[in-house]
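Below is one structure; the comments refer to it alone.
Fair warning: this is a prediction, and the values are worked out from it, not measured in the lab.
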Amino acid sequence: MRINTHHQLTYCTNIHPGSDWKNTFDSLKAYVPNIKDQVAPDVPFGLGLRLSNKASEELAQSDRLSEFKQWLQQEGLYVFTMNGFPYGNFHDERVKDDVHTPDWTTRERVDYTKRLFGQLAELLPEGMSGGISTSPISYKHWFATEALREKAFETGALHLSEIVLQLYDLERTTGKYLHLDLEPEPDGFLENSDEVLLFFEKYLVPMATPAVKAHTGKEGTEAVELIKRYITVCYDICHFSLAYEEPEDTFQKFRQAGIAIGKIQVSAALKILFNEQGKDAIWESLSNFDEPTYLHQVTEKLDGKVKTYNDLPVVLAERNDFTELRAHFHVPIFLERFDMLFSTQDHIIKVLDHIKKHPVSEHLEIETYTWDVLPKELKRELTESIVREINWLKDRM
């Protein structure tokens, strides 16, 4: 829904089951109209749609896309952003590092993303821009040598150049501007703003420019601007807080490099602040967030550098003498603290304060997907939880 002149707000439907199209559509029908009635009863409500590869394939069959468009219209709904990061099932089974599978070195990832863009172009209302967030190229721990990582970066950049050309053609034929939003996260090939800048400079721009010239005739500055028009960044607040980056600094870096932020995912990480008296209680509280479904990388800032532990059990087993840790567990955004732990809600507030004055992106998507695996003290009925998050964010905007 549009909450002011510059911003549209939604939540990501990856929190609902969606292994196939029937499962996805049933979930949307069960939850979304009720949520809309409570947060946007008199205005159209936009969706942050998540489709697995299987759901997307099935949506493309028969008249399903037309039927879905008709349902959206009847319910006062529309789609302006999609989550194209998780390819497979995202619920009720182990995900962990498989969330990156298949990565941008594979044809499967390219085909999936192209199909999603074709569907978004059909669903997106006239006069709106649309975006899809995606994997940060690949997962660092899958590559044993620098040579293998280098090859993966190069292949990923070449595959992304195909998306640039697709989105250029779609804009010319439909008049709709769509962008792909790379989403940095801990242990991804892109973890922070510096790695994003390096990827654009060393890989994406040099490797996509020849394809852009051959396809469009544009070269030099025009080709670079075209690449950066269609490949943007998904600024997940949780992820950048794990990188210990201040929002204003990150936004300035991207602005100076001419890299756009296609979407801001509003999310909070766990913040663990240790003190001498309560360390045992803090560890006990943190252990309540150790669950087997998702990756929960943990970061620590030492001597100006960020160290990443690849999952929460590693830190819980060691229990070293830490001062502060941050854990990749998307906790409710309205939560400032829980038990002996804190959240990075302060980063959300900094981002909101900044974008009120400098609207760096028009797409805001709440992405708390962990409701099923939260400690029982934090669990509430799902619709109630989503509505509470949306209203919390609306009040602060």
Q: Specify whether Phe322 and Tyr309 have parallel, tilted or perpendicular ring planes, treating 30° as the upper limit for parallel and 60° as the lower limit for perpendicular.
A: perpendicular
Q.
Quick check for you: to the nearest 0.5 Å, what is the distance between Leu49 atom CG and Met82 atom CE?
A. 4.5 Å
Q.
Under 6.0 Å from the ring centre and within 45 degrees of the ring axis: does the NZ or CZ of Arg109 meet both conditions for the six-membered ring of Tyr87?
A. no
Q. With the threshold set at 4.0 Å, does a side-chain nitrogen-carboxylate oxygen contact exist between Glu195 and Lys140?
A. yes
(Q) If you count heavy atoms of other groups shown closer than 6.0 angstrom to NZ of Lys350, is the number above 12? (A) yes
Q.
Given 3.5 Å as the limit, does a donor-acceptor pair link the side chain of His159 with the main chain of Trp104, or not?
A. yes
Q.
With a 3.5 Å distance limit and no angle check, can you tell me whether Thr13 reaches the backbone of His16 through a side-chain donor-acceptor pair?
A. no
Q.
Would you say the ring centers of His100 and Phe189 fall short of 6.0 Å from each other?
A. no
Q | Euclidean distance, Leu242 CG relative to Lys271 NZ, rounded to 0.5 Å | A | 11.0 Å
Q: Would you indicate whether the side-chain heavy atoms of Leu325 and Thr299 approach each other to under 4.5 Å?
A: no
Q: Determine whether the aromatic ring centres of His358 and Phe251 lie less than 6.0 Å apart.
A: no
Q: Check step by step if salt bridge (Lys or Arg N to Asp or Glu O under 4.0 Å) holds for Glu122 and Lys69.
A: CA-CA 9 Å; Glu122 285 286 327; Lys69 287 176 67 175; 3.7 Å; yes
(Q) Please report whether the ring centroid of Tyr369 lies less than 6.0 Å from that of Tyr294. (A) yes
**Q.** salt_bridge(Glu146, Arg149) N-O dist < 4.0 Å
**A.** yes
Q.
Looking only at the aromatic ring of each residue, does the gap between the centers of His296 and His330 stay below 6.0 angstrom?
A. no
Q. Side chain of Ser161, backbone of Leu158: donor and acceptor closer than 3.5 Å?
A. yes
Q. So, do His347 and Phe240 have ring centers that fall under 6.0 Å from each other?
A. no
Q) Do we see a donor-acceptor contact under 3.5 Å between the side chains of Asp103 and Ser138? A) yes
Q.
Under the criterion side-chain hydrogen bond (donor to acceptor under 3.5 Å, both in side chains), I'd like the reasoning laid out for Glu336 against Ser343: C-alpha separation, chi angles, the key distance, then a yes or no.
A. CA-CA 5 Å; Glu336 184 178 2; Ser343 81; over 6 Å; no
